[in-house]
Amino acid sequence: MAKKTAYLFENIWTIPNVISFIRILLIPVFGVLFYKGELLWALVILALSGLSDLVDGKIARKFNQVSELGKMLDPIADKLTQATIAVVYFFTFLKAENTTLKMFSWVFLLFIVKELVMLIGGAIMIAVGIRPGAAEIYGKIATTVFYVVMVIIMAFGPEVGALRAEEGAILQLFTLPDAVMMVLVVISVITTFMAFASYMPAVHKQVKERFSDEGKKKAKEEAGKK
């Protein structure tokens, strides 16, 4: 397995990779802040994570700092961040006083299941010597929509928004109507699963090629060279 994953450790110390590492380290910080009710700081962390996700890819392409590890770290950071957000929102909505929010909490389970499937699937692919491809346009759109929606909810969502116009908010500005919030989340769910479906043809092709007679022969030859 070490030989199969050796390519990941070539040219790893790049600015985009460091940004991805920082984003991963910020995930528990976000979780703790949210749990302690420091919603404004949690919102800042989430917004920074989303912005850095846009920046690291541009830096990698502009300064030729694209690496195999970076192609893995960036989506891993996204998936761990999205799964964490989905988990905290699931339990927060489940305990909400608002009956509508409580009934809507199950939707966040869809995000959790999808991210777990992709993380486990990606780990299996690497273990058998398949290099998962970089995010396609659908994946980038889904990630952008997810971050935008979750930032809006964390800022203005009923009972959970740091800037909502309700007692207990840090800065009282505006509260999203329940219906609007639910529509935004559903839009994010739809784009997320469209992106998930868009990966399937490429994954099927890679798996088929890897376990074909020619693919097995090629894998043996590469292992022999190492």
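These figures come from a predicted structure and were not determined experimentally. Excluded from the calculations below are hydrogen atoms, water molecules and symmetry mates; all remaining heavy atoms, backbone and side chain alike, are included.
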>> Nearest 0.5 angstrom please: Glu38 CD to Leu40 CG, how far?
In response: 8.5 Å
> Hey, is the main chain of Ile187 close enough, under 3.5 Å, to the side chain of Thr191 for a donor-acceptor pair?
Replying inline: yes
> When rounded to the nearest 0.5 angstrom, what is the spacing between CZ in Arg23 and CG in Leu80?
Replying inline: 9.5 Å
For residues 28-36, tabulate all N or O donor-acceptor pairs below 3.5 Å that involve a side-chain atom, not counting sequence neighbours.
none

> Nearest heavy-atom pair of Leu176 and Leu184: which atoms, and what distance?
Replying inline: CD1-CD1, 4.2 Å
>> What verdict does the side-chain contact (heavy atoms from CB on, under 4.5 Å) test give for Leu46 and Tyr147, after you've listed the backbone C-alpha separation in whole Å, the side-chain angles of each residue and the deciding distance to 0.1 Å?
In response: CA-CA 8 Å; Leu46 178 58; Tyr147 276 115; 3.9 Å; yes
>> Which residue in the set Met181, Glu97, Arg164 passes side chain to side chain contact (heavy atoms under 4.5 Å, CB included) when paired with Pro158?
In response: Met181
> side-chain hydrogen bond (donor to acceptor under 3.5 Å, both in side chains): which pairs involve residues 173-187, sequence neighbours left out?
Replying inline: Asn98-Asp178
>> If hydrophobic clusters are built from ILVMFWY residues whose side chains come within less than 4.5 Å, do Leu173 and Leu39 share one?
In response: yes
> Do Leu119 and Leu25 share a hydrophobic cluster, counting only Ile, Leu, Val, Met, Phe, Trp and Tyr and linking them when any side-chain heavy atoms are less than 4.5 Å apart?
Replying inline: no
> In Å, rounded to the nearest 0.5 Å, how long is the span from OG1 of Thr81 to CG of Leu26?
Replying inline: 8.5 Å
>> Checking Phe146 against Ile85 for the side-chain contact (heavy atoms from CB on, under 4.5 Å) test, could you report, in this order, the C-alpha distance in whole Å, the side-chain angles of both residues, the deciding distance, and whether it holds?
In response: CA-CA 10 Å; Phe146 180 89; Ile85 293 169; 3.8 Å; yes
> Does any N or O in the side chain of Ser49 come within less than 3.5 Å of the main-chain N or O of Ile45, such that one atom is a donor and the other an acceptor?
Replying inline: no
> Backbone N or O of Ala195 within a donor-acceptor pair of the Ser198 side chain at under 3.5 Å?
Replying inline: yes
> Under 4.5 Å between side-chain heavy atoms, hopping through other hydrophobics if needed: is there a path connecting Ile124 to Met118?
Replying inline: no
Could you list the donor-acceptor pairs under 3.5 angstrom formed by side chains in residues 102-117, with sequence neighbours left out?
unit_1 : atom_1 : unit_2 : atom_2 : d
Ser105 : OG     : Lys102 : O      : 2.8
Trp106 : NE1    : Met103 : O      : 3.2

> Could you give the distance from CZ (Phe174) to CD (Glu166), rounded to the nearest 0.5 Å?
Replying inline: 11.0 Å
>> In the structure I gave you, are the side-chain heavy atoms of Gln82 and Thr143 within less than 4.5 Å of one another anywhere?
In response: yes
> Counting only heavy atoms not in Tyr138, do more than 12 fall under 6.0 Å of its OH?
Replying inline: no
> Going only through I, L, V, M, F, W and Y residues with side-chain contacts under 4.5 Å, is there a path from Ile24 to Leu51?
Replying inline: no
> Thr100 versus Met182: any side-chain heavy-atom pair under 4.5 Å?
Replying inline: yes
>> Please evaluate residues Tyr89 and Met154 with respect to the criterion side-chain contact (heavy atoms from CB on, under 4.5 Å), reporting the C-alpha separation (whole Å), side-chain torsions for both, the decisive distance (0.1 Å), and the verdict.
In response: CA-CA 9 Å; Tyr89 272 149; Met154 190 163 290; 3.2 Å; yes
> Considering all heavy atoms of both residues, which atom of Ile27 and which atom of Ala77 are nearest to each other, and what is their separation?
Replying inline: CD1-O, 4.1 Å
